[in-house]
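The structure appears right after this line, and notes come after that.
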Protein chains: 2
Amino acid sequence: MSAGRTARERVRAELTREITDIARRHLETDGAGGLSLRAVAREMGMVSSAIHRYFPTKDDLLTALIIDAYNAVGQAVEDADDAAPRDDYAGRWMAMCRAVRAWALAHPHEYALIHGTPVPGYQAPQDTVDPAARDGIRFSRLLSEASRAGEIRVPPPTDAPVGAFSDAEKLRETIFADVDPEVALRGLHAWTWLYGAVSFELFGMYNNIVEKRAATFEHGALSMAAYLGLSPR
Amino acid sequence: MSAGRTARERVRAELTREITDIARRHLETDGAGGLSLRAVAREMGMVSSAIHRYFPTKDDLLTALIIDAYNAVGQAVEDADDAAPRDDYAGRWMAMCRAVRAWALAHPHEYALIHGTPVPGYQAPQDTVDPAARDGIRFSRLLSEASRAGEIRVPPPTDAPVGAFSDAEKLRETIFADVDPEVALRGLHAWTWLYGAVSFELFGMYNNIVEKRAATFEHGALSMAAYLGLSPR
DNA sequence: AAGAAAAGAGAGCACCGCTCTTGACGTTTG
DNA sequence: CAAACGTCAAGAGCGGTGCTCTCTTTTCTT
């Protein structure tokens with residue numbers, strides 16, 4: 001993001017940033033499917049074809065927006081985790097949950113971009129997988145640290161087939177080191193709940209049903225901490 | 001859906017059905033945003049404008065598809081519940097979970113229509129709210145019946161603000177009759193987990209992370225039954 | 001200062017949703 | 001039994017879309 005050396009590179013970087021900013025704003029009104037390169041170009045006072053110099057195709061622009069969104073929520077989760085006392089594991093979980101919800105409420109359309117319906121015809125390129133994993137990695141690290149510290153009361157194993165993770169060895173040995181398999185799976189389920197709750201709230205599934213959204217979310221996150229076996233402080 | 005009396009009404013009903021069928025197929029390839037009345041008309045050998053006689057606007061067609069989808073998943077949940085032994089409450093919960101997942105896997109694009117990103121600019125009309133509530137009502141009824149039968153081991157209350165439901169009186173007194181508030185809230189969270197899990201699986205969030213999807217889902221649903229306090233049989 | 005590279009402009013193609021008007025039907029009523 | 005009415009197909013047209021192609025202008029490098 002540092003200023004390029006030549007004037008051309010600088011103005012190019014600036015225009016690129018302006019394009020993504022405008023596109024993000026258009027996302028709010030028209031959704032990912034309705035994103036229009038022409039409209040962005042028009043708003044920039046640019047002729048419609050010129051924008052293809054910066055993003056050859058609409059999918060390229062979409063990819064940029066998706067990567068930005070993943071990084072934004074990942075950053076929010078990391079910041080929230082970093083701001084909490086290291087040994088308050090339940091508190092860190094709560095902080096991460098609140099960070100995800102707060103970011104999603106503040107950027108509903110970017111959230112929809114990464115956790116809503118996949119854009120038809122869009123194939124996520126390899127560049128998106130690392131940013132997409134940031135939040136989950138932070139969360140699994142929390143479980144690992146809590147486990148090592150003996151701060152997880154391992155729940156009784158669920159009577160169900162296990163061995164769910166792919167690349168089981170790699171994942172369990174790195175991300176989920178020292179985590180009881182039942183806890184690791186419950187971590188996955190709690191993580192699933194978190195995004196399910198945010199999606200429900202954002203996508204209108206709580207309309208006419210849940211009134212006090214923040215309180216309900218807080219209750220859910222807390223009871224999920226108990227479900228995980230995280231000792232409260 | 002019964003055959004109309006006049007020939008005109010009959011052919012109209014048939015064409016209407018053909019339109020929704022084709023539209024459903026288009027949904028699979030182009031998504032809700034890319035749904036094209038013209039394309040449907042073309043596929044039917046109809047001139048583009050004629051289709052507006054059946055669905056005045058694209059949103060009307062969308063509404064029909066959405067109502068159908070809600071009813072389909074609601075029906076699947078109801079059938080699954082009906083097929084399970086009445087007093088096996090955990091089994092009924094599992095059956096409902098599997099029904100939702102199975103229906104979603106079989107109709108991913110219709111699932112996306114009702115649980116994915118809201119279609120921008122689309123305002124769900126009143127006709128959609130009753131079908132949308134079918135599955136949830138069935139689930140809350142299960143909790144009520146289990147509570148009345150004393151088959152729920154009420155979990156310790158989560159230390160969090162409550163009173164989350166809207167129209168609290170109406171909801172608690174009708175749908176969630178005899179259900180402990182903590183259990184009712186956990187029911188909401190478990191319900192949230194269910195759709196979060198299905199969405200994660202369908203929208204590709206488990207890619208590169210979870211391999212054995214069915215087993216993981218089974219584990220999650222079972223551990224959610226325990227989370228709810230539903231006694232296993 | 002000259003040549004190369006990058007960017008912008010504009011036309012064009014094949015689509016899209018939707019509106020409006022026209023004309024051909026079938027049904028119902030006087 | 002025929003005329004009035006309601007229903008629906010058809011087509012033209014408007015303003016929009018992504019993307020490609022050519023052509024000119026600007027900028028950087030040598």
Side-chain angles (χ1 to χ4, degrees), chain A residues 3-20 22-66 113 119-123 125, chain B residues 3-20 22-66 113 119-123 125:
Chain A
R5 291 192 18 265
T6 79
R8 189 129 79 178
E9 280 168 348
R10 288 196 47 182
V11 69
R12 180 177 181 86
E14 198 164 315
L15 283 184
T16 302
R17 169 158 191 80
E18 193 179 340
I19 290 175
T20 55
I22 294 179
R24 236 183 305 274
R25 246 188 24 246
H26 282 205
L27 220 57
E28 297 176 14
T29 62
D30 303 315
L35 199 140
S36 153
L37 289 183
R38 277 175 119 100
V40 173
R42 186 166 40 238
E43 190 164 332
M44 293 186 50
M46 205 180 226
V47 86
S48 72
S49 60
I51 203 157
H52 292 275
R53 303 261 182 212
Y54 297 86
F55 294 96
T57 181
K58 203 167 78 154
D59 280 6
D60 294 312
L61 175 55
L62 219 47
T63 296
L65 297 177
I66 287 173
L113 192 62
V119 181
Y122 175 80
Q123 260 291 19
Chain B
R5 291 193 17 267
T6 81
R8 191 133 78 178
E9 281 169 346
R10 288 196 47 184
V11 67
R12 181 179 181 85
E14 198 165 315
L15 283 183
T16 302
R17 170 159 191 80
E18 191 178 340
I19 290 173
T20 55
I22 293 179
R24 236 183 304 272
R25 251 193 14 251
H26 282 205
L27 220 59
E28 300 174 14
T29 61
D30 303 315
L35 196 128
S36 154
L37 290 183
R38 278 174 117 97
V40 173
R42 186 166 38 240
E43 190 164 332
M44 294 186 46
M46 206 179 224
V47 84
S48 71
S49 61
I51 202 153
H52 292 274
R53 302 276 180 193
Y54 298 86
F55 293 96
T57 180
K58 203 167 77 155
D59 280 7
D60 294 310
L61 176 54
L62 218 48
T63 297
L65 297 177
I66 287 173
L113 192 61
V119 180
Y122 174 80
Q123 259 292 18

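Here the structure is a predicted model, which means the values were calculated and not measured. Below, read A as the first sequence line, B as the second, and so on, with proteins coming before strands; counting in each chain starts at 1.
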Apply side-chain contact (heavy atoms from CB on, under 4.5 Å) to residues V119(A) and I66(A) and explain how you reach the verdict. CA-CA 11 Å; V119(A) 181; I66(A) 287 173; 5.8 Å; no
Hey, mind stepping through L61(B) and T20(B) against side-chain contact (heavy atoms from CB on, under 4.5 Å) and telling me if it holds? CA-CA 7 Å; L61(B) 176 54; T20(B) 55; 4.2 Å; yes
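Residue L37(B) holds its CG atom at 8.5 Å from CD1 of I19(B), rounded to the nearest 0.5 Å. With rounding to the nearest 0.5 Å, the separation of NE2 in H26(A) from CD in E28(A) is 10.0 Å.
Here the shortest heavy-atom pairing between A23(B) and L65(B) reads CB-CD1, 4.0 Å. The two atoms that bring A39(A) and S36(A) nearest to each other are N-OG, 2.8 Å, heavy atoms only. When all heavy atoms of A32(B) and L27(B) are compared, the closest pair comes out as CA-CD1, 3.8 Å.
In this model, the phosphate group of dT7(D) is not approached by any side-chain N or O of Y54(B) to a distance below 4.0 Å at OP1 or OP2. R12(B) has a side-chain polar atom (N or O) that falls below the 4.0 Å cut-off from OP1 or OP2 of dC8(D).
Atoms CZ (F55(B)) and C1' (dC8(D)) sit 16 Å apart, rounded to a whole Å. Atom-to-atom, CE of M46(A) to P of dG18(D) comes out at 15 Å; the value is rounded to the nearest Å. The CG-P distance, from D30(A) to dG18(D), rounds to 11 Å in whole Å. Atom C1' of nucleotide dA9(D) and atom CD1 of I19(B) are separated by 13 Å, given to the nearest angstrom. The nearest whole Å value for the distance from the CD1 atom in I51(A) to the P atom in dA9(C) is 12 Å.
Taking the screw axis at each terminus of the helix from dA1(C)-dT30(D) to dG30(C)-dC1(D) from five consecutive base pairs, the angle between the two is 10° to within rounding of 10 degrees.
Applying the side chain to side chain donor-acceptor pair (under 3.5 Å) test to pairs two or more places apart or on separate chains, none has a residue in residues 46-59 of chain B.
Take E18(A) and apply the side-chain contact (heavy atoms from CB on, under 4.5 Å) test, not counting sequence neighbours, and it matches L15(A), I22(A), M44(A). Under the rule for a side-chain contact (heavy atoms from CB on, under 4.5 Å), the partners of P125(A) that lie at least two apart in sequence or sit in another chain are T63(A), Y122(A), D127(A), T128(A).
Contact annotation for L15(A): backbone-only contact, meaning every heavy-atom pair under 4.0 Å involves sugar-phosphate atoms and none involves a base.
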Can you name the atoms? Protein N/O to nucleotides 12-17 of chain C N/O, anything below 3.5 Å, with the distance.
| from | atom 1 | to | atom 2 | distance (Å) |
| --- | --- | --- | --- | --- |
| dC16(C) | OP1 | R42(B) | NH2 | 2.5 |
| dC16(C) | OP2 | R42(B) | NH1 | 3.1 |
| dC16(C) | OP2 | R42(B) | NH2 | 3.2 |
| dC16(C) | O3' | S36(B) | OG | 3.3 |
| dG17(C) | OP1 | L35(B) | O | 3.3 |
| dG17(C) | OP1 | S36(B) | N | 3.3 |
| dG17(C) | OP1 | S36(B) | OG | 2.9 |
| dG17(C) | OP1 | L37(B) | N | 2.5 |
| dG17(C) | OP2 | S36(B) | OG | 3.0 |
| dG17(C) | OP2 | R38(B) | N | 3.0 |
| dG17(C) | N7 | R38(B) | NH1 | 2.5 |
| dG17(C) | O6 | R38(B) | NH1 | 3.4 |

What N/O pairs connect the protein and nucleotides 20-26 of chain C at under 3.5 Å? Give each pair on its own line.
none

